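See below for the structure under consideration.
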Number of protein chains: 2
Amino acid sequence: MENQDLKHEVTDKYSLRGRVFHRIREDILNGKYKDHEELKEVAIGQELGVSRTPVREAFRQLELEGLIQIIPNRGAYVTGIKVNDIKDIYMIRSKLEGLCARWACDNISKEQLEEMEENIYLAEFHAARGHMEQMAELDNRFHNILYEACNSKMLEHLLKDYHQYVWRVRQKTLSSSRGAVSNVEHKYIMEAIRENNPDKAEELANQHMINAYENMVEKGLLEMFE
Amino acid sequence: MENQDLKHEVTDKYSLRGRVFHRIREDILNGKYKDHEELKEVAIGQELGVSRTPVREAFRQLELEGLIQIIPNRGAYVTGIKVNDIKDIYMIRSKLEGLCARWACDNISKEQLEEMEENIYLAEFHAARGHMEQMAELDNRFHNILYEACNSKMLEHLLKDYHQYVWRVRQKTLSSSRGAVSNVEHKYIMEAIRENNPDKAEELANQHMINAYENMVEKGLLEMFE
DNA sequence: CTTCGTATAATTGTATACATTCATACCAAG
DNA sequence: CTTGGTATGAATGTATACAATTATACGAAG
């Protein structure tokens, strides 16, 4: 049991089933398979050049992740995200990102802090020029650094799941004006962590998520979801 | 898509694979399969009277739930819970149960409130007599009512997962003296919800989890986990 | 005695065959 | 035209066969 801390995302990444799983997951998150679309085992198997077996096993996992719903003897359907789900996720993430920022105060490494700083500096550049794609990428990376810095595999795993889960929504709701503001909030969070002020870091991270959600509501970006 | 809100826990409960999944899950949570024990596909299949296929699919799901770890081409091993994981889970649950109690203020039904009241009343009876098993059962039920009352499938699902996950630990760390105190805390949480005081309900639920964790630490109940 | 390599057995990974369930089309009765 | 029943096809559920990988045992070389 020397691989004690290896998690499934790592261990199965290079197996056939693992690749099938990640591939279907990507295709759902990227919108290739639309909400409520039925996924057929043979069709996907043929497309990926594998038999039904690994596809089926991937389906079971995707179901547990909430990305698809399997109705016994009927089929697998892409789960549609509903407006209420989005609100719930952002409120849950608000609490968890707060906890994450709090724990990061004690556990962040010098390298991680430096990468955060660089991230924020770069984001200022792209924000000024309206480079949406780079902003999204930097935002992703900022949060992932934070997740890794909290030194809790448990929390990191949970937050990464949610982060990916709302990726579909964020891609559709990217808003240019929020980018710069969001980056300033990142900066304050980082400073609170650097000052080792857990209360402040938690509060700022809490509010960061709430602001992100309220921005989506204000701009009417959620109306496209039913 | 009329079964929109049906979740996998419900839909697959009566399929063969579903039964296999739930059965293995039970056996892990009840301690039949010990930490780090290797689970063989054929052996379990024979024991349950099924082939490897449904067993394998169940394994994939159990891996995502974190109950087992699959090492490709090697085997499936029951995941050992570590002390740090327990702390993380309780801190995460603290935040989420707080959120849950907050949302329950607006969404709890009259029936749910009544069941809570009955639950607490009964628990007083059993606490006074040191009926450990009934206390554990009532505690379980109290939290499940709370989860259902928050009116968020997202949060309910998450909390139920964690609740079951630490069930293994709780069975080993049942402490007689905490039962009565815990029940009083339940009572205060319920009253805050009934008064529709979300801030108070959240704070009390937060503290309830922290107290439960600190009780385990104080009594040295976690030392058995490595 | 240790170490390396090979052979063998056991286990998992994948593909395929068979069984079962469900949806659709079609036709007949009303 | 509507309703209901049956037949057919297509998809999923399960079992089994085969392939690939890994662990173990054994023996020979050093």
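These figures come from a predicted structure and were not determined experimentally. Every chain is numbered from 1 and lettered A, B, ... according to where its sequence line falls, protein lines coming before strand lines.
- Between E57(A) atom CD and dT12(D) atom P the separation is 15 Å, expressed in whole Å.
- With sequence neighbours excluded, the residues satisfying side-chain contact (heavy atoms from CB on, under 4.5 Å) with N107(A) are W103(A), N151(A).
- Residue S51(B) places at least one side-chain N or O closer than 4.0 Å to OP1 or OP2 of dA15(D).
- The two atoms that bring V78(B) and K34(B) nearest to each other are CB-O, 3.3 Å, heavy atoms only.
- Taking atom CZ of residue F21(A) and atom P of nucleotide dG13(C), one finds them 15 Å apart after rounding to whole Å.
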Hey, what are the protein-to-nucleotides 5-12 of chain C N/O distances that come in under 3.5 Å?
residue	atom	partner	partner atom	Å
dT12(C)	O3'	N73(B)	N	3.4

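- For the 3.5 Å distance criterion, the side chains of Y147(A) and E97(A) qualify, holding a donor opposite an acceptor.
- Applying the side-chain contact (heavy atoms from CB on, under 4.5 Å) criterion to D27(B), with sequence neighbours excluded, gives R23(B), K32(B), Y33(B).
- A side-chain contact (heavy atoms from CB on, under 4.5 Å) with Y213(B) is found for one member of N215(B), V217(B), N211(B) and no other, namely V217(B).
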